[in-house]
Protein chains: 2
Amino acid sequence: MSERDTERSVSQTVRAQLALRDMILSGRLRPGERISELQAVDITGVSRTPVRLALVRLEDEGLLQAIPSGGFMVKAFTERDILDSIELRGTLEGLAARFAAERGVSARSLEPLKECLADLDQLVRQDPISVEAFSAYVTMNARFHAILNELSASAPLIREIDRVSALPFASPSAFVMAQSALPEAHQILLLGQDHHRIVVDAIENREGARAEAVMREHSRLAARNLRLAVRNRTHLELMPALALLKSSAE
Amino acid sequence: MSERDTERSVSQTVRAQLALRDMILSGRLRPGERISELQAVDITGVSRTPVRLALVRLEDEGLLQAIPSGGFMVKAFTERDILDSIELRGTLEGLAARFAAERGVSARSLEPLKECLADLDQLVRQDPISVEAFSAYVTMNARFHAILNELSASAPLIREIDRVSALPFASPSAFVMAQSALPEAHQILLLGQDHHRIVVDAIENREGARAEAVMREHSRLAARNLRLAVRNRTHLELMPALALLKSSAE
DNA sequence: TGCGTCGCTACTGTATACATCTTGCGTTCA
DNA sequence: TGAACGCAAGATGTATACAGTAGCGACGCA
């Protein structure tokens with residue numbers, strides 16, 4: 001039904017954007033491959049005008065790269081690019097946390113964040129964590145990060161964080177599912193949750209430097225997950241984002 | 001001549017983008033004002049297709065805001081938004097400097113930065129600084145920042161810095177010209193140049209934390225300039241970016 | 001056999017016509 | 001007199017036709 005709704009109500013541009021993004025992330029369009037407008041028309045079934053807009057949007061989303069002579073190609077990323085993007089997100093989220101801490105947040109507006117924290121606590125408490133719980137964790141984790149960013153009350157900053165997190169391998173939840181297959185899974189989850197706890201505490205006590213530092217460190221868990229998961233090589237299918245890696249690592 | 005070249009060789013899309021950006025920054029399109037495609041067609045003289053692309057590009061450049069029901073309006077910024085954008089740029093440039101310092105930069109690739117530093121030294125040495133020298137300073141300062149960012153050797157980071165600096169009030173040179181009218185002008189220039197000197201030194205000695213901290217502080221000079229210039233209210237014409245401020249400050 | 005040039009093909013850039021939707025104003029009814 | 005409904009105007013969303021250009025291949029000449 002929601003499928004139907006999507007097909008009917010959403011604009012052709014958005015539909016094309018979703019279809020193309022899916023093709024890229026699933027690896028059916030390989031990094032470096034040129035993607036012509038007509039090809040995109042074939043894929044998406046809409047005409048060139050919305051396809052063109054979709055391509056432009058995917059370009060500034062960072063998934064495509066403009067070719068000087070015209071047209072677009074699928075962007076390729078190195079492992080270093082991915083790690084830098086994660087560090088970048090951590091830096092921005094750190095700034096958001098610092099803003100929240102330094103500028104002060106009312107007890108009332110801190111409430112949703114604390115509720116979210118409690119929900120996450122509930123989830124990580126199970127010892128062998130079920131796949132469903134992992135999935136719920138991903139959702140709730142994204143929510144936690146979103147609320148935290150909002151607390152910065154800085155529109156320009158939130159905009160940039162959203163932008164950076166749109167890269168499939170830079171989002172706070174990018175490698176959580178991959179992590180679920182690791183033996184260290186539970187321990188990493190507990191570490192992450194402790195970071196969450198600390199940042200809430202730091203904001204409450206207006207400790208800007210502490211809030212910033214812990215969010216930076218928090219993002220490095222994603223980097224650690226990435227390295228572990230790539231090394232183990234099993235469950236690469238849990239990380240669709242890796243389809244964008246330059247061939248060497250594939 | 002370059003005018004001619006622009007008119008001839010550049011695509012209609014780019015031409016429309018430039019014309020519209022100019023209209024916005026010059027204040028002829030006021031913040032909050034809706035800008036219809038047909039209106040934009042009248043302004044730019046090109047047809048709706050390239051106009052549309054130009055509008056989309058200006059949206060993700062941050063100058064326009066999409067209206068939910070379709071179309072775009074000129075984005076309005078608060079003084080707080082501007083200050084946050086400056087802090088944001090400082091944070092990103094700080095990260096770039098830290099990357100450069102921690103990862104190490106060869107003496108050879110540090111050379112252009114040092115040359116740039118020496119050129120800047122030459123410029124700030126004059127005591128009553130001429131307007132021409134100020135103008136030259138703006139150019140050279142932009143060059144210094146560009147080289148510094150490149151030294152991070154991080155494509156994703158450079159991309160974001162460029163993006164943030166594209167906002168007319170967030171670029172490293174945004175308020176330098178405005179500053180030229182202030183009595184404190186020379187002193188501020190010397191402070192900024194000292195920051196430049198320190199960051200080069202820190203990178204050379206692989207002091208990541210120092211390089212990061214000084215670039216953050218460096219960006220706050222822009223915030224200080226902004227505040228001073230707004231308070232003095234003279235020479236607001238040197239800061240076209242302020243056309244985007246929400247009405248209160250105008 | 002290699003290099004240069006010519007021509008073709010297929011792509012992107014642009015304009016415009018048509019369809020759909022939203023918004024605002026006017027009219028009518030309670 | 002106020003509110004709600006309907007219509008009209010103008011906006012955006014979409015499709016497509018046409019023009020211009022770049023890239024590639026083939027052919028010819030040295």
Side-chain angles (χ1 to χ4, degrees), chain A residues 3-24 28-61 63-75, chain B residues 3-24 28-76:
Chain A
E3 175 82 6
R4 263 288 156 72
D5 285 356
T6 301
E7 278 188 22
R8 285 199 186 160
S9 64
V10 167
S11 73
Q12 303 286 69
T13 301
V14 172
R15 206 177 308 170
Q17 196 176 345
L18 292 174
L20 290 171
R21 187 195 285 137
D22 185 58
M23 288 284 288
I24 295 167
R28 274 170 293 175
L29 293 170
R30 306 189 73 81
E33 187 175 339
R34 180 173 188 157
I35 175 171
S36 85
E37 290 181 5
L38 286 136
Q39 184 187 354
V41 165
D42 283 344
I43 291 173
T44 64
V46 305
S47 79
R48 274 185 63 210
T49 307
V51 152
R52 190 142 228 259
L53 275 169
L55 290 173
V56 169
R57 290 234 148 89
L58 288 170
E59 181 202 1
D60 67 66
E61 195 173 306
L63 260 42
L64 295 180
Q65 189 169 15
I67 299 172
S69 65
F72 299 94
M73 53 186 272
V74 179
K75 202 157 169 179
Chain B
E3 176 83 6
R4 262 288 157 72
D5 284 357
T6 301
E7 280 188 19
R8 286 200 185 158
S9 65
V10 165
S11 73
Q12 303 286 70
T13 301
V14 172
R15 205 177 309 170
Q17 196 176 344
L18 291 174
L20 290 171
R21 187 194 285 137
D22 185 58
M23 288 284 288
I24 294 168
R28 274 170 293 176
L29 293 170
R30 305 189 73 81
E33 187 175 340
R34 180 172 188 157
I35 175 171
S36 84
E37 291 181 4
L38 275 84
Q39 183 187 355
V41 165
D42 283 345
I43 291 172
T44 63
V46 306
S47 79
R48 274 186 63 209
T49 307
V51 153
R52 190 143 229 259
L53 276 169
L55 290 172
V56 169
R57 292 234 148 90
L58 288 170
E59 181 203 0
D60 66 66
E61 194 174 306
L63 259 43
L64 296 180
Q65 189 169 16
I67 298 172
S69 65
F72 299 94
M73 53 185 273
V74 179
K75 202 158 170 178

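A, B, ... follow the sequence lines: proteins, then strands. Residue 1 opens every chain. In this text, all values refer to a predicted model and were calculated from it rather than measured experimentally.
Salt bridge absent: B:Lys75 and B:Glu61 never bring a charged side-chain N and a carboxylate O closer than 4.0 Å.
Donor-acceptor pairing under 3.5 Å, judged by distance alone, is present between the side chain of B:Thr49 and the base of C:dT16.
Closest-nucleotide positions on DNA chain D for A:Pro50 and A:Ser69 were compared, and the one nearer the 5' end corresponds to A:Pro50. Nearer to the 5' terminus of DNA chain D, by closest-nucleotide assignment, is the contact made by A:Val14 (compared with the other of A:Val14 and A:Arg34).
Considering only side-chain atoms of B:Val46, the nucleotide from D:dT14, D:dT12, C:dA15 that sits closest is C:dA15. Comparing atom distances between the A:Leu38 side chain and each of C:dT14, D:dT12, C:dT12 picks out C:dT12 as nearest.
Under the 4.5 Å side-chain criterion, counting only non-hydrogen atoms from C-beta, A:Ile35 is not in contact with A:Ile24.
Atom CD of A:Glu59 is separated from atom P of C:dT12 by 14 Å (rounded to the nearest Å). Between B:Ile67 atom CD1 and C:dC21 atom P there is a gap of 19 Å when expressed in whole angstrom units. The distance between atom CD of B:Glu37 and atom P of C:dT14, rounded to the nearest whole Å, is 15 Å. One interatomic measurement links the two molecules: CZ of B:Arg48 to P of D:dA17, which rounds to 18 Å at whole-angstrom precision. Separating the CD atom of A:Gln12 from the C1' atom of D:dA15 is a distance of 10 Å, rounded to the nearest angstrom. Between A:Gln39 atom CD and C:dT9 atom P there is a gap of 21 Å when expressed in whole angstrom units. Computed from coordinates, the A:Leu53 CG to D:dA15 C1' distance equals 13 Å when rounded to whole Å. As rounded to whole Å, 14 Å separates atom C1' of C:dC11 from atom CD1 of A:Ile35.
Here the CZ-CG distance, from A:Arg21 to A:Leu58, works out to 6.5 Å after rounding to the nearest 0.5 Å.
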